[in-house]
Amino acid sequence: MAIVYLGLGTNLGDKTANLHTAVHQIEEKIGNVVSLSSIYETAPWGFDSENSFLNAAVRVETTLSPQEVLHRTQEIERSMGRTQKSEQGVYHDRVIDIDLLLYNKVVMHTSELVLPHPLMLQREFVMKPLVEIAPDVVHPVLGKKLGEIDVRVCLNLQW
């Protein structure tokens, strides 16, 4: 059984309902949702939009591989109406965005998937809900507990 942490974001439509729908589909298609953070309202990151975001994080127990989790999250996004993925720093409004943040202590870098998520430490809207449900989880690259990492220090950090 693997422990996966996913970040959720939405800034179109009924945002609260979008998050609830995503969590329900994660439960159906990926595994048992063990923890759900509070919902945080945040400004868009990386692009301009009139729509604020709602963000949350979930902890999921799964028997799926990291690649299978990624494919299932993408299926959920498409089923909820997401048509564009952010690519090469170009971001768009979205009904739902599901990011695979951590998968156990796996560190990997393939053309399809990078773990841990390479931008998570630069995004307070990811780290705040994640730290709420996983303050003692150790970041597999930095070797520090998530609750001890200062996001402001990590703005230019990449691995």
For this session: Determine whether Leu146 and Tyr40 fall in the same hydrophobic cluster, where Ile, Leu, Val, Met, Phe, Trp and Tyr are linked whenever their side-chain heavy atoms lie under 4.5 Å apart.
Result: no
Exercise. Would His71 and Glu75 count as a side chain to side chain donor-acceptor pair (under 3.5 Å) if you check the C-alpha gap in whole Å, the side-chain angles of each, and the deciding distance to 0.1 Å?
Worked result: CA-CA 6 Å; His71 295 152; Glu75 288 173 19; over 6 Å; no
Side-chain contact test, heavy atoms from C-beta onward, threshold under 4.5 Å: evaluate it for [X] versus [Y] and give yes or no.
X	Y	result
Leu8	Ile26	yes
Asp99	Met120	no
Glu61	Ile3	yes
His139	Leu121	yes
Leu102	His117	no
Leu100	Thr73	no
Leu36	Val23	yes
Thr42	Arg123	no

Heavy-atom closest contact ([X] atom, [Y] atom, distance):
X	Y	value
Val131	Gly147	CG1-CA, 3.9 Å
Pro129	Ser38	CB-O, 4.4 Å
Phe53	Gly9	CD2-C, 4.2 Å
Gln25	Ser79	OE1-OG, 2.9 Å
Ile30	Thr62	O-OG1, 2.6 Å
Val107	Pro140	CG2-CB, 3.7 Å

Measure the spacing between [atom1] of [X] and [atom2] of [Y] and express it to the nearest 0.5 Å.
X	Y	atom1	atom2	answer
Leu6	Leu101	CG	CG	6.5 Å
Glu148	Leu142	CD	CG	11.0 Å
Leu64	Arg72	CG	CZ	5.0 Å
Lys29	His24	NZ	NE2	9.0 Å
Asp97	Ile76	CG	CD1	12.0 Å
Gln67	Leu113	CD	CG	6.0 Å

Problem set entry | Within 6.0 Å of CD in Glu132, more than 12 heavy atoms from elsewhere | yes
Exercise. Counting only heavy atoms not in Lys128, do more than 12 fall under 6.0 Å of its NZ?
Worked result: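 Counting other residues, nucleotides and ligands, NZ of Lys128 stays at 12 neighbours or fewer.
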When you measure from the side chain of [X] to the backbone N and O of [Y], does any donor-acceptor pair fall under 3.5 Å?
X	Y	value
Asn18	Val95	yes
Arg59	Val34	no
Thr10	Leu19	no

For this session: Decide side chain to side chain donor-acceptor pair (under 3.5 Å) for Lys15 and Ser52; before the verdict, give the C-alpha distance in whole Å, the side-chain angles of both, and the deciding distance to 0.1 Å.
Result: CA-CA 10 Å; Lys15 296 180 269 191; Ser52 64; 3.2 Å; yes
For this session: Decide yes or no on side chain to side chain contact (heavy atoms under 4.5 Å, CB included) for Thr63 and Met1, but give the supporting numbers first.
Result: CA-CA 5 Å; Thr63 58; Met1 186 71 60; 4.0 Å; yes
